[in-house]
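Report on the following structure.
Indexing begins at 1, ligand by ligand and atom by atom, following the structure's order. What you are looking at is a predicted structure, and each value in this text was computed from that prediction instead of being measured. Hydrogens, waters and symmetry mates are skipped; everything else that's a heavy atom, side chains included, is used.
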Amino acid sequence: MAAKTYAMPTAVAEHARLSPASYQEKYAASIADPEAFWREEGKRINWFSPYSKVKETSYAPGNVNIRWFSDGTLNACYNCVDRHLPKRADKTAIIWEGDEVDVQKHVTFRELHEHVARFANGLKKLGVGKGDRVAIYMPMVPEAAYAMLACARIGAVHSVIFGGFSPNAIADRVNDCEAKVVITANEGRRGGKAVPLKPNVDKALSKGACPTVDHVVILKHTDTDYELEAPRDVWWHELIGDCDTDCSPEVMNAEDPLFILYTSGSTGKPKGVVHTTGGYMVYASMTHEYAFDIREDDVYWCAADVGWITGHSYIVYGPLANGTTTLMFEGVPTYPDVSRIGKVVDKHQVNILYTAPTAIRALMAKGTAAAKGSTRESLRILGSVGEPINPEAWEWYYNHIGNSQCPVIDTFWQTETGGILIAPFPAATDMKPGSAMLPFFGIKPKLVDNEGHPLEGATEGNLIIEDSWPGQARTLWGDHERFEQTYFSTYKNVYFTGDGARRDEDGHFWITGRVDDVLNVSGHRLGTAEIESALVAHEVVAEAAVVGYPHDLKGQGIYVYVTVVDGVNATDELRVELVKWVRSELSPIATPDFIQWAPGLPKTRSGKIMRRILRKIACNEHSNLGDTSTLADPSVVDSLIENRLNR
Ligand code: ATP
Ligand code: MG
């Protein structure tokens with residue numbers, strides 16, 4: 001089945017940084033001589049002392065060692081803030097849109113500098129210095145960015161913990177990185193409800209559970225009062241009360257850690273991914289500029305949370321390094337109703353919107369209500385990240401949010417990659433709904449079979465990246481062995497993404513899902529993503545998740561969880577119809593063996609379906625579900641197990 005192709009809209013293509021020819025030329029140069037390519041591109045960042053070395057990387061078994069620009073010195077905060085003061089002091093750096101519709105704030109680069117420098121001095125007063133770890137457990141407020149940048153300014157290593165995590169998850173992460181200080185708020189707000197942040201930190205730290213923590217800094221974000229525990233706790237505003245705005249940025253080596261970020265945990269125990277300063281800043285800023293074709297006057301909105309890598313690279317470091325106005329949204333796309341995203345776009349005249357398939361599907365489940373009450377005419381570019389985007393969701397996003405005028409930039413990348421690896425960079429290529437399309441400069445994606453043999457041409461296999469790029473993670477905090485084991489041991493001398501992909505006749509990449517989730521049905525490889533997309537394309541299906549289970553004849557059988565759209569009855573006739581539908585939409589090989597109705601699917605806090613758990617339920621192994629601490633709503637699992645037993 002030939003994929004549907006969409007041309008880059010002319011309005012975008014005409015002014016875009018790239019054309020198909022210039023992309024090809026620049027890509028070829030980046031591959032032919034990475035050293036020369038990155039020596040030049042590294043200059044997009046301000047260095048205190050320039051680098052002479054560029055690429056010193058080895059994936060050799062037992063000796064994985066990744067260094068970029070290793071003798072250069074710089075400061076990430078300086079690059080995001082100070083360097084813009086000569087020309088952009090009065091430009092808005094951050095637009096904040098609160099949870100409630102009429103709450104917002106604008107922060108200029110000058111103000112950003114003051115807030116960050118003052119808070120950095122506050123951290124110093126608490127004894128935080130270069131190399132110390134600081135945990136940040138904050139709502140989506142500008143102060144979360146101030147806290148990250150303040151750490152970077154004084155050389156402390158931040159570890160942001162998503163504000164939806166439970167006390168146990170906080171304690172695990174704080175202890176793993178031995179944080180000295182935790183920065184939080186009394187409360188956050190999300191979807192009209194209060195989120196008890198400070199009480200969660202108290203629970204995490206109770207009974208000496210986190211012995212490394214000396215202080216907790218608390219932002220007074222709402223009116224709710226909590227008792228402080230002296231001398232451990234200190235209010236943010238009291239801490240900075242007597243601090244001045246003069247704080248010279250620490251001189252950091254390119255390879256000094258900038259942050260630790262724990263992965264979302266959809267496949268197992270969260271890993272403390274370590275990113276360093278120089279290469280990360282070069283890669284985050286460059287990919288941000290190219291993926292979204294950034295213009296000086298753009299208002300750019302990444303609707304992720306700063307608790308995820310997307311928030312690090314594409315709410316804070318990438319955009320601010322580029323001097324771009326970045327919008328931070330405290331709320332959720334469905335509050336007060338599904339028209340919120342469009343209304344925020346209109347209100348702030350947003351030009352670029354970057355969100356996740358899970359959010360898009362949540363809006364799509366309500367038909368076209370999300371498009372009501374807004375024109376979204378300011379939009380130029382749409383982005384997607386986090387999971388494969390089903391073609392159905394792609395088209396809905398393109399038509400109903402983007403008015404059929406904005407390209408959908410489907411960006412494939414990972415916490416470990418620091419920035420985008422594969423995407424239809426405007427206007428390097430046409431777009432195919434469901435395909436991430438082409439590699440960024442310097443990225444060499446290849447497909448291999450299970451033994452690691454290279455696969456050529458139009459085919460499907462395990463996605464590896466040959467060679468290194470500057471934004472790549474350097475290690476896992478305190479566990480370099482696990483780093484090597486996880487990413488460099490399955491296949492020798494390459495980086496293994498853990499994802500499967502298909503390459504079509506035109507050389508475009510389609511991510512088929514995690515390799516663990518790729519099914520082998522009667523000898524045929526089937527990506528869960530493809531089957532799910534076929535299901536979501538049916539008008540009554542809001543969401544679907546597909547896993548394999550042992551099947552006597554086929555090797556693996558296809559077990560499907562389906563959430564129907566509001567108001568539809570989940571009947572046996574509908575089951576039969578959906579089975580027929582998948583057979584005709586995709587292939588008889590993909591015939592579901594069993595369809596279980598799911599009122600909800602187990603998702604990580606970042607909105608990804610946890611197939612690992614669904615697999616266990618399908619295989620009747622639900623007594624042993626493993627780490628579920630990162631689940632958004634654990635009760636979903638109980639109801640699925642109950643259903644399964646009753647089937
Ligand atoms: P863990 O590694 O702890 O299981 P995680 O992999 O979910 O967590 P992230 O680094 O946030 O944590 O997610 C990266 C993964 O998300 C990728 O490996 C891929 O499976 C998926 N992904 C991200 N973007 C896309 C995309 N545009 N298309 C397809 N898959 C994507
Ligand atoms: Mg992962």
Side-chain angles (χ1 to χ4, degrees), residues 160 162 165 169 172-173 261-273 275 287 291 302 304-314 354-360 382-391 393-394 397 408-425 431-440 445 462-465 471-473 476 482-483 486-487 495-502 508-518 527-530 532-533 602-613 615 626-632:
V160 182
F162 173 55
F165 275 138
D172 284 352
R173 289 161 175 74
L261 183 63
Y262 291 83
T263 53
S264 70
S266 46
T267 54
K269 181 177 176 282
K271 305 176 266 287
V273 173
H275 282 286
T287 47
C302 167
D305 191 282
V306 288
W308 311 122
I309 189 69
T310 308
H312 284 59
S313 301
Y314 300 118
Y354 188 26
T355 186
T358 179
I360 297 165
L382 299 173
S384 172
V385 61
E387 284 184 288
I389 179 165
N390 326 98
W394 193 106
Y397 191 30
V408 175
I409 310 300
D410 176 8
T411 63
F412 167 76
W413 60 296
Q414 311 176 301
T415 308
E416 298 86 342
T417 70
I420 295 164
L421 294 186
I422 305 181
F425 297 92
M431 298 165 294
K432 296 174 186 169
S435 171
M437 305 296 287
L438 292 172
F440 191 61
N462 305 307
L463 179 65
I464 57 139
I465 313 291
Q472 180 172 31
L476 295 178
R482 187 174 177 206
F483 183 66
T486 310
Y487 308 107
Y495 171 80
F496 178 38
T497 60
D499 289 302
R502 181 161 71 80
H508 297 140
F509 287 91
W510 301 68
I511 310 300
T512 48
R514 289 162 211 285
V515 167
D516 298 347
D517 298 326
V518 173
T528 48
E530 262 177 320
E532 287 162 10
S533 288
K603 290 188 183 169
T604 62
R605 305 267 171 178
S606 56
K608 293 182 203 213
I609 299 167
M610 256 210 216
R611 290 187 187 72
R612 167 169 69 81
I613 288 182
R615 212 157 37 222
D627 183 359
T628 53
S629 67
T630 60
L631 271 182

K603 and T358 side chains, donor-acceptor separation under 3.5 Å: yes
Can you find a non-hydrogen atom of G386 under 4.0 Å from ligand 1? yes
Distance alone, cut at 3.5 Å: any donor-acceptor contact between the side chains of Y354 and T411? yes
Assess the side chains of Y314 and T287: does a donor N or O sit below 3.5 Å from an acceptor N or O? yes
Using a strict 4.0 Å cut-off to heavy atoms of I511, name the atoms of ligand 1 that fall inside it. 29 (C), 30 (N)
Below the 3.5 angstrom mark, is there an N/O of K608, backbone or side chain, next to an N/O of ligand 1? yes
With nothing but distance in play, are any N or O atoms of Q414 less than 3.5 Å from an N or O of ligand 1? yes
Honestly, for E387 the part within reach of ligand 1 (heavy atoms, under 4.0 Å) is backbone
Answer yes or no for F412: is there a heavy-atom contact with ligand 1 below 4.0 Å? yes
Does Y262 have a heavy atom less than 4.0 Å from any atom of ligand 1? no
Could you check which of L421, D499, I389 puts a non-hydrogen atom nearest to atom 20 (O) of ligand 1? D499
Would you check if there is a donor-acceptor pair between the side chains of Y487 and E416 at a distance under 3.5 Å? yes
Please work out whether any backbone atom (N, CA, C, O) or any side-chain heavy atom from C-beta onward of W413 is under 4.0 Å from ligand 1, and answer side chain, backbone, both or neither. backbone
Ion pair present between R611 and E532, side-chain N to carboxylate O less than 4.0 angstrom? yes
Gap separating the CD1 atom of I360 from the OH atom of Y397, nearest 0.5 angstrom: 4.5 Å
Please work out which of the three classes, parallel, tilted or perpendicular, describes the rings of F440 and F425, given edges at 30° and 60°. tilted
Atom pair CG/CG of L382 and D410 - distance to nearest 0.5 Å: 12.0 Å
Numbered atoms of ligand 1 (with element) below 4.0 Å of P388, judged on heavy atoms: 28 (N), 29 (C), 30 (N)
So the atoms of ligand 1 within less than 4.0 Å of a heavy atom of T411 turn out to be 24 (N), 25 (C), 26 (C), 27 (N)
Counting from 1 in the order shown, the ligand 1 atoms closer than 4.0 Å to a non-hydrogen atom of T263 are 1 (P), 2 (O), 3 (O), 8 (O)
